[in-house]
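Down below is the structure, laid out as structure tokens.
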Number of protein chains: 2
Amino acid sequence: MAKRSSSSMEVLLGMLAIEPMSGYDLGMTIRSSVGYFWNESYGQIYPNLKRLAAAGLVNSKTERHKGKPDRRVYSITKKGRERLKSWLSVEPQPEIPRNEMLLKLFFGEHVPAEVPMGYVEREAEVCRALLGFLEREAREGIDKNRHYPGAPYWRMAVRFGELEMRAHLLWADETLVELKKMAGKKRNHGRTKKEKSHAGR
Amino acid sequence: MAKRSSSSMEVLLGMLAIEPMSGYDLGMTIRSSVGYFWNESYGQIYPNLKRLAAAGLVNSKTERHKGKPDRRVYSITKKGRERLKSWLSVEPQPEIPRNEMLLKLFFGEHVPAEVPMGYVEREAEVCRALLGFLEREAREGIDKNRHYPGAPYWRMAVRFGELEMRAHLLWADETLVELKKMAGKKRNHGRTKKEKSHAGR
DNA sequence: GGGTGCATGTAATGGGTTACATGATTCT
DNA sequence: AGAATCATGTAACCCATTACATGCACCC
């Protein structure tokens, strides 16, 4: 029951509802707008565009340019907008995404505390980078289009990312303190086990 | 290249490093311990146990019980522990999980503001439920095993969930206020700014 | 008699990434 | 000369969920 046909087609419809685009553009646009919570690979985009076209949800026309490859530009149809709306009307089912970092951390006892410390430091780095992107590029990109009726929703999504990243950073700080304590204890207890300190990078 | 063989086998090794278990137990244990950030279905667990056994990373013996079906109980081998450690030594690569709720919210303009409000309310509900589980059941479960060397790591993972859920709840509150304003404006053509203290649910 | 829990497994299906294949132009 | 960007697509493969198949015991 309950086909959970994932939203890989609908994200294309949604983007094409903003403006007509080629498959390549869709990839770029998705990456730079919703990329921090939704990715699509070209291996999905191109076949899905064909399926959408076959279903009459998008139209395509080929544009020729000198000096550049031909572009197949897609635009959403009335039927496509209807489909988009009916997809939006179905409440998203809550999902539990897998988090490999947490999984490894969970089993951290089997490995010297420096290793989990590495996980957490890396996590913090990634969060700082993403937070920077959200607070600068993403905010500015939305501000440039602040008249567009979707802008308030874009801001909400960005805000979600900001708050989540800040929570992760808070956690990382707290957790690093804890891990350092643990590493310190292990070191002073053991009879000076000479370990290779390949912690740095 | 870089086979990103996902961690579906390693989670089994990790759990079996705590104590020997059957496939059925593994499913239950995973759900109730790391289930808020890692799920495994039986369709993965049973075939993967066979593969682990074939690779000599786990042993199995069949237990017979009257009144209950036979159980195939698996235990981790020395080789399995080695494998677990070498998996833990590889830093988890940062991943960007898909978030369908955010995706639908991002395209919220195409639908009356009440619809995205539904998404956010549902999100808040789920977060409250999970937060309750983490602060009660999960914490207590760890406290019962506080002597186990893995306990500190389990606490860190739980803490991650708590902070994340609180961030999501904060966001949900903030976002609902915003969405109510938007719905209000749409309704009375942006005339009165009077807010209704209780928007219908 | 029927639902629930224990218990193991396979098959069908669907979803998604990555590698491969091609090829022109522009930038360094 | 070689790398990067623009541009489209297919094929192989991997991963994962779900449905199906089986069956006993216990409780209501």
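Atoms considered below: every heavy atom in the structure, side chains included; atoms not considered: hydrogens, waters and symmetry mates. Note that the structure is predicted; figures quoted are calculated from it, not measured.
Electrostatic pairing of R128(A) and E125(A) does not count as a salt bridge here, judged by no charged N lying under 4.0 Å from a carboxylate O. Between E162(B) and R159(B), at least one side-chain N (NZ, or NE/NH1/NH2) sits under 4.0 Å from a carboxylate O, which counts as a salt bridge. Using a 4.0 Å cut-off between charged side-chain N and carboxylate O, E40(A) and R98(B) make a salt bridge.
Panel note: side chain K78(A), backbone L57(A); no donor-acceptor pair is recorded below 3.5 Å. Judged purely by atom type and a 3.5 angstrom limit, S60(A) has no side-chain atom pairing as donor or acceptor with the backbone of R72(A).
Closest non-hydrogen pair, A157(B) versus F37(B), comes out as CB-CE2, 4.0 Å. For the residue pair S89(B) and V111(A), the shortest heavy atom distance occurs at OG-CG2, 4.2 Å.
Rounded to an integer number of Å, the gap from CD of E40(A) to P of dG16(C) is 7 Å. Protein atom CD of E63(B) is 15 Å distant from nucleotide atom C1' of dT8(C), rounded to whole Å. Separating the CZ atom of R31(B) from the P atom of dG5(C) is a distance of 13 Å, rounded to the nearest angstrom. Spacing between atom CE of M21(A) and atom P of dC6(D) amounts to 15 Å, rounded to whole angstrom units. Between Y42(B) atom OH and dC20(D) atom P the separation is 19 Å, expressed in whole Å. Protein atom CG of L12(A) is 13 Å distant from nucleotide atom P of dT8(D), rounded to whole Å.
With dT17(C), dT17(D), dT8(D) as the choices, the nucleotide that has an atom nearest any side-chain atom of S41(B) turns out to be dT17(D).
In this structure, S6(B) reaches the dA16(D) phosphate: one of its side-chain N or O atoms is under 4.0 Å from OP1 or OP2. The phosphate of dA7(C) (OP1 or OP2) has a side-chain N or O of R71(B) nearer than 4.0 angstrom.
Where R98(B) and Y74(B) meet DNA chain C, the nucleotide closest to each residue was compared, and Y74(B) sits on the side nearer the 5' end.
Residues from residues 43-55 of chain B placing a heavy atom under 4.0 Å of any atom in DNA chain D, listed by number, are G43(B), Q44(B). Within residues 22-29 of chain A, no residue has any heavy atom closer than 4.0 Å to DNA chain C.
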Under 3.5 Å donor-acceptor pairs involving side-chain atoms of residues 130-137 of chain B, not counting sequence neighbours:
{"from": "E135(B)", "atom 1": "OE2", "to": "R166(B)", "atom 2": "NH2", "distance (Å)": "3.0"}

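Comparing the end axes of the helix from dG1(C)-dC28(D) to dT28(C)-dA1(D), each fitted to five base pairs by superposing C1' atoms of four pairs onto the next four, gives an inter-axis angle of 30° (nearest 10 degrees).
For residues 74-122 of chain B, the set of pairs meeting the ring pair (Phe, Tyr, Trp, His ring centres under 6.0 Å) definition, not counting sequence neighbours, comprises W154(A)-F106(B).
For the atom pair NZ (K104(A)) and CG (N99(A)), the distance works out to 11.5 Å, reported to the nearest 0.5 Å.
Not counting sequence neighbours, Y36(A) has no partner by the ring-ring contact (aromatic ring centres under 6.0 Å, His included) test.
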